[in-house]
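All remarks here apply to the structure that follows.
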Amino acid sequence: MMSKLAMFPYYFPEEIFLEIFCKLPVKSLGKCMCVSKSWNSLIKNPYFISSHVSHQSKLRRTNDNNLFFVMTGRHEVEYSLHSDDQEFRKYAQLEYMPFDNHHSIVGACNGLLCLMDFQFSFDSIFILCNPIIRKSITLPKPCLSSLPYKISVGFGFDSAQNDYKLLKITKKGVLDKYVEVELYSLKRNCWKILAPPKYDLYSDDFMVYVNETVHWIAYERVNNEGSYSCKLLILGFDMRDDVFKEIMLPERLRNLPHQSEIYVIPYDELSSIAVIELGSLHAECDIWVMKKYGVVETWTKMYSLGKLGTEPMPRVLGFRKNGDLMLRTYDNLRLVSRDPESHEIDYFGIQGRRTYVCNYTESLVLLDRVIDGAMTENRANYADKANR
């Protein structure tokens with residue numbers, strides 16, 4: 001039987017190659033690709049790319065040198081990777097992105113970024129991009145292409161099929177009773193329409209990917225003897241089984257007071273989710289964490305935060321490895337870190353009208369794909385240049 005890593009040199013056992021090379025960052029692998037044609041071929045092998053992603057994800061969870069992807073800027077948008085250390089030092093400046101300044105980042109998964117652009121047509125344009133190896137794919141147009149009243153999108157990974165998927169939920173108008181749902185598969189390179197859930201979209205925030213499931217806030221209209229109210233919950237879509245699942249919120253959050261707001265973020269430390277509850281007029285913020293994913297009884301209010309000075313409560317973007325919070329301030333859109341217990345603030349000198357932050361894992365995903373119109377220079381040079 002042929003080895004999964006075909007053409008492997010007889011003098012270099014496959015197990016040793018996997019054990020050593022899967023632990024290397026993309027920058028080092030780029031240099032290895034220049035050493036030998038055999039190594040070049042092996043590093044592009046789909047099995048090695050999947051193994052490398054798996055190893056790098058494990059290292060990210062156990063290593064203090066966690067990486068954040070940061071998009072920010074005032075006039076020109078900039079992209080960079082930063083180490084999750086005290087100084088939040090810049091690890092790499094990313095110069096390759098396939099869009100101009102008028103796009104949004106849906107999410108990141110295994111080194112792939114999913115980007116969406118609404119600027120030039122009623123159709124949403126989606127691109128999958130691996131900025132480390134400077135490769136991208138423009139997705140085919142969705143089946144349902146009218147300009148929506150409300151839209152939410154989630155990007156994630158199906159490990160059973162080794163497939164990347166994009167879920168798109170839209171609502172045509174204010175009075176529409178049901179949403180429309182379609183799912184894109186990178187492996188099949190096509191969209192399919194799914195039966196919609198019975199719930200409505202709470203907001204147009206992008207979905208949050210955790211445990212092979214994308215999550216968002218949904219609501220159900222409840223008739224209480226002629227008086228209607230909205231019952232909030234978290235709705236998930238399992239990327240492995242292509243099914244919706246319900247996750248109940250804490251009792252306090254199921255019926256929010258007027259002018260309050262909630263949204264979901266990942267809680268990587270427990271491979272779970274957290275809910276940010278912004279009080280009326282954003283004067284305060286409570287952070288709820290599901291300590292055991294999927295178990296409603298483990299919802300715990302971990303922190304209560306007040307405003308920074310006179311400005312509204314900053315938006316919580318995520319958690320750092322040391323437990324601090326990543327925040328975007330409202331006054332001058334600065335990216336800061338805040339200790340939720342001592343309330344000490346660290347300023348990183350990163351500022352811009354558009355700020356997006358997420359955990360990031362370097363990978364070779366897309367390296368094995370032949371893409372029409374893609375650049376044809378040596379991928380090793382791309383990786384090396386992106387990480388200098």
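What you see below is based on every heavy atom in this structure, not just the backbone, and it leaves out hydrogens, waters and symmetry mates.
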Minimum heavy-atom separation for [X] and [Y], please, with both atom names.
| X | Y | answer |
| --- | --- | --- |
| Val264 | Val208 | O-CG2, 3.1 Å |
| Asn255 | Cys230 | OD1-O, 3.1 Å |
| Lys141 | Trp191 | O-CD1, 3.4 Å |

Worked check of side chain to side chain contact (heavy atoms under 4.5 Å, CB included) between Leu113 and Leu128: CA-CA 6 Å; Leu113 297 172; Leu128 300 184; over 6 Å; no
Flag for [Y]-[X]: side-chain donor and acceptor within less than 3.5 Å:
| X | Y | answer |
| --- | --- | --- |
| Tyr184 | Asn189 | yes |
| Glu95 | Tyr79 | no |
| Asn211 | Ser271 | no |
| Ser159 | Glu212 | yes |
| Asn359 | Asn66 | yes |
| Asn322 | Gln86 | no |

Backbone of Thr355 reached by a side-chain donor or acceptor of Arg328 within 3.5 Å: yes
Partners passing side-chain contact (heavy atoms from CB on, under 4.5 Å) against Ser50 (at least two apart in sequence or in another chain): Asn162
Test log, rule side chain to side chain contact (heavy atoms under 4.5 Å, CB included), inputs Val26 and His52: CA-CA 9 Å; Val26 174; His52 183 262; 4.1 Å; yes
Evaluation steps, ring-ring contact (aromatic ring centres under 6.0 Å, His included), between His82 and Phe88: CA-CA 6 Å; His82 291 257; Phe88 204 64; 4.8 Å; yes
NZ/Lys187: more than 12 non-hydrogen atoms of other groups inside 6.0 Å: yes
Option among Phe68, Tyr303, Tyr267 that satisfies the ring-ring contact (aromatic ring centres under 6.0 Å, His included) test with Phe319: Tyr267
Could you check whether any side-chain heavy atom of [X] comes within less than 4.5 Å of a side-chain heavy atom of [Y], counting everything from C-beta outward?
| X | Y | answer |
| --- | --- | --- |
| Asn130 | Ser363 | yes |
| Met116 | Val153 | yes |
| Met71 | Val77 | yes |
| Tyr360 | Leu81 | yes |
| Asp158 | Tyr164 | no |
| Met239 | Phe155 | no |
| Arg315 | Leu327 | no |
| Lys245 | Thr213 | yes |

Near-ring test Tyr219/Tyr202, centroid separation under 6.0 angstrom: no
Ring centroid separation Tyr263 to His215 under 6.0 Å: no
Stepwise salt bridge (charged side-chain N to carboxylate O under 4.0 Å, His left out) test for Arg338 and Asp324: CA-CA 5 Å; Arg338 179 176 181 176; Asp324 287 1; over 6 Å; no
Pair listing, salt bridge (Lys or Arg N to Asp or Glu O under 4.0 Å) test, anchored in residues 271-286, at least two apart: Arg252-Glu277, Arg252-Asp286, Asp286-Lys301
side-chain hydrogen bond (donor to acceptor under 3.5 Å, both in side chains) assessment of Asp163 paired with Ser185: CA-CA 7 Å; Asp163 192 11; Ser185 161; 2.5 Å; yes
Contacts of Glu78 that satisfy side-chain hydrogen bond (donor to acceptor under 3.5 Å, both in side chains) - sequence neighbours left out: none
Among Val243, Val181, Asp242, Ile169, side chain to side chain contact (heavy atoms under 4.5 Å, CB included) partner for Phe237: Asp242
